[in-house]
Asker: 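I have a structure I would like to understand better, so I am pasting it below and will then ask my questions one at a time.
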Amino acid sequence: MELSESVQRGLQSLADQSVFDHGSFQVLVDVSFRSLLSSHGDPTVLGQPEFKQIDQILLKQSHTAAVTFILEAVKQNADQSTISSSLEELTFSAERTEIFYSAYQKHKKDLERLLASIGRGLPHITDASWRLEYHMKNGQVDKVNDPFYLISLNTENEGSSEDINFTCTVEQLQDLVGKLKDAAKTMEKASQM
Amino acid sequence: MRFADIRSGSRAKEAPAMEEVDKILIHALKQVGTEVPEEINSVKQFSSELIVEAVVRCIRVIDPGLSSTLATSLPPGMSARFRVGMSLAQACQDIGYKGEIGYQTFLYSSEPEIRSLLMFLVEKLPRESAETSDQPTGKSVVLQRTIAAAIKAHLAVPWLPPKCRLPLNCETQRQGVMHSFHVQPLSLTNCTKGSSKKHTKEVKDYQRDVLSPVTAQISSQASVVASILEQHTAEISTAQEWDNEWNNQGLLSRFTPQEYCLRKFTRLHKRIEDQLRSAALPSSHSAFGVSRSTSDLCELLQAFKGSVQPGHILTKGTHFTHTQKFNFTQEVPQVAKTIPTNHQSEGDVQLGQQEELAYLQQQFQQLCSEVDHLAADMKHMSVTNAQVLDELKQRELRNSEKEEKIQVKKKTIDLLPDADNNLLKLQGLVEASAKRVVNLASQWEKHRAPLVDEYRRLKDICSSKDVESSKKLSEIKSLHEKIRVSTEEAKKKEDAYKQLVTELENLPQDVSRSAYTQRILEIVSNIKKQKEEITKILSDTKELQKEINNLTGKLDRTFAVTDELVFKDAKKDETVRKSYKYLAALHENCNQLIQTIEDTGTILREIRDLEEQIETENGNKTVANLERILEDYKAIRQENASLAAKVREG
């Protein structure tokens, strides 16, 4: 994992036993995870009693570095060996790496959900209803005799559902179904790689 | 007899070797897709259907085109079976099997034929394993592989309609509220590189006491995450770009990093200034009154200046707009006076206030315009003042020059009366000064030469130092390269190791390669031993044969000699004749004995050969096959009869 210089420095001071002793290390790890997952930013999150002894600027640097490291790790779906090797390179002791990794495991799902919620999503089709109509005559032509479909696709987007209605001829419907099959095949091929 | 030992020994070793071969064959056939039941351990136990299925599947893998007409199971009818057997045999021959093959190999199989056919087919199976073990690949391929695995995992989860969804499916199938990727700048406690000295005390106090932690600086949770990630990526990419630039251009320029940055900053600053100036100029060059600002930069600058409005508020312009305003200032006071005439309405307090406001505004504008007037006048005055000063200076210069000329002329006029003397004196003076000049020039030369040499020497040293330093720079660069390359290689090797370990774990465990290699090595050593024994036996046989030849030779010679001797004496003596007869009989009998022994040996060999043949023939299960052939023949005749009856009927 690539980390910028400021993040590396912050993490190194976090690993330093003389700056963060065992108790405050544990608290800072918990606080970092909590501050990411809470929906409203809490300015007093670094006001814990264990942090009173530590230089506030250093504390804030380490907090920023820890938070950035957590986000990068979740973004890259890093496994245990990657995280442990990165932390060991930054002079973390094995015990602290263990503490960090267990907290990471606990909160990984929530963080993944948080990251996955950033982006754009298109509506999902959940249901389809159809009606086949037969066009027999109209005002200009005496004999038309054309079948066509009225399709209503029930879509869901971000919890709210919406209907997409359209009409199409048989060929157009075949075309649509063909395209859907193509899409399914492409997904399968993508998963084979 | 050692021969027998060796033969039996090799046959005893054949059996377990054959077991191994069968195991390998069965495993390979299972991989191709043949369903081999668990109890079958050797090729001997294969039934005809199993053989056909195995062969067809192998052919399908080896050459899909050939197998289009072949089915994996034998049809029930006898003639159809016959046809299938023939086509299979043909297909095997097309693939390249050199042995004898026909429908009988499939329908009435014999163990060695089947074994050799299956071994041939399994050898021909394409080695897919060689292609899939790619070289461990770079980051992008690893990323694509993880993406493919994730897509596969998502595809494996079955889709459920929204009312029935379990939390398991919600991740991939339900869509929660999405936030857009919105980034806001964060204030961090260490904004610039290693610059803790630069921050003033106030900034540090702010950072210590007031600055809120990163996660609390932005109100929306998604924006916090987006901003942190963006900040980090920006830092990494600037660091990378700086590294790139420093390694390529910075080292060459021989400056320290700070100097390089400073120079670059001033260079860029100058360029920006020049661009702005050249863009701002065309607005005052509009000679024909057509002031079309063609470039975007001009338009932007115009927007900054604000257009000159002949009305309410005079904007603060630059030098250029002031020169323009010189022309417009006459019109302004007239326009300003027309403003108060608009406000004539009912005597309301508000209107009164508005009137007062307008009046005050007008006064204010008047004052402004007067101030501007005065400023303009002052400027004018200062300009004229400067001009006048300039002229004065010039006149003074000219005066002094003229004075000098007057002085010189005066002196010459003074000297005129005593012309000759003065001329001589002047000449002497000139000569003396010329000599002095020459003297001074030579002294200067004397000083100059060593200084020039010194200068040249120092320049050489400098250039050689340049050469050395450029060499050292290139060495440093190459060392950097080597370091980078070796760290990359180390990383690649570690990645490759990890990948290979995971692949090894994923490989199927049922067939162990080490057992194979062990067996192969054992067989090789066995063969070596057998070869030694064979050579020993051969040499023994040769020895024996030589001895036999020797002895027969000796025997013949001895017999010939004795024969002659005894025959010579036999004509005279009766006992000698009798002994001669005994000798001849003895020789005959011994010859016969030897002959019978030789015959016994040949017959024994023939017996052994025949025993071997009997064994192989026994393995062919010919009796069972013949019975089956008879049955099948009867079945075919019945089928033919029924078909003929059908034809006759219909």
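Both backbone and side-chain heavy atoms feed into the values below; hydrogens, waters and symmetry mates do not. Throughout, a chain's letter reflects where its sequence line sits, starting with A, and its residues are numbered from 1.
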Asker: Sort Q240(B) into side chain, backbone, both or neither according to what part of it lies under 4.5 angstrom from a heavy atom of chain A.
Answerer: side chain
Asker: Looking at N165(A), T167(A), L173(A), which one forms a side-chain contact (heavy atoms from CB on, under 4.5 Å) with I151(A)?
Answerer: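 So the option named by the test is L173(A).
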Asker: Quick check on the interface: out of K152(B), H232(B), Q217(B), who has the most heavy-atom pairs with chain A under 4.5 Å?
Answerer: H232(B)
Asker: Distance alone, cut at 3.5 Å: any donor-acceptor contact between the side chains of S62(A) and S13(A)?
Answerer: yes
Asker: Under 4.5 Å from any heavy atom of chain B, what part of L114(A) do you find: side chain, backbone, both or neither?
Answerer: side chain
Asker: Sort I125(A) into side chain, backbone, both or neither according to what part of it lies under 4.5 angstrom from a heavy atom of chain B.
Answerer: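 The backbone, not the side chain.
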Asker: Is L155(B) close to chain A through its backbone or its side chain, or both, or neither, when contacts mean heavy atoms under 4.5 Å?
Answerer: side chain
Asker: Is N77(A) in contact with chain B via its backbone, its side chain, both, or neither, using a 4.5 Å heavy-atom distance?
Answerer: neither
Asker: Hey, what's the ring geometry for W242(B) with Y260(B), parallel, tilted or perpendicular (30° and 60° as the breaks)?
Answerer: tilted
Asker: side-chain contact (heavy atoms from CB on, under 4.5 Å) with V27(A): which of V31(A), D30(A), V29(A)?
Answerer: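 The side-chain contact (heavy atoms from CB on, under 4.5 Å) with V27(A) is passed solely by V31(A) among V31(A), D30(A), V29(A).
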Asker: What orientation do F100(A) and F33(A) show, parallel under 30°, tilted 30 to 60°, or perpendicular over 60°?
Answerer: tilted
Asker: Is F69(A) close to S32(A) at the side-chain level, that is, under 4.5 Å between some pair of heavy atoms?
Answerer: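 Counting from C-beta outward, S32(A) and F69(A) never come under 4.5 Å.
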Asker: Determine whether the side chains of Q8(A) and Q12(A) contain a donor N or O and an acceptor N or O closer than 3.5 Å.
Answerer: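 No, because no side-chain N or O of Q8(A) sits under 3.5 Å from a partner of the opposite role on Q12(A).
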Asker: Which atoms of S81(A) come close to chain B, meaning under 4.5 Å heavy atom to heavy atom: side chain ones, backbone ones, both, or neither?
Answerer: side chain
Asker: Against chain A, work out which of L186(B), I236(B), V224(B) has the most heavy-atom pairs shorter than 4.5 Å and name it.
Answerer: I236(B)
Asker: Is S152(A) reaching over with its side chain to a backbone N or O of S129(A), donor-acceptor style, under 3.5 angstrom?
Answerer: no
Asker: Please state whether the side chain, the backbone, both or neither of L3(A) comes within less than 4.5 Å of a heavy atom of chain B.
Answerer: both
Asker: Sort A222(B) into side chain, backbone, both or neither according to what part of it lies under 4.5 angstrom from a heavy atom of chain A.
Answerer: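 Contact with chain A is through both the backbone and side chain of A222(B).
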Asker: With respect to chain B, which residue among K60(A), Q56(A), K75(A) yields the maximal number of heavy-atom pairs within a distance under 4.5 Å?
Answerer: K60(A)
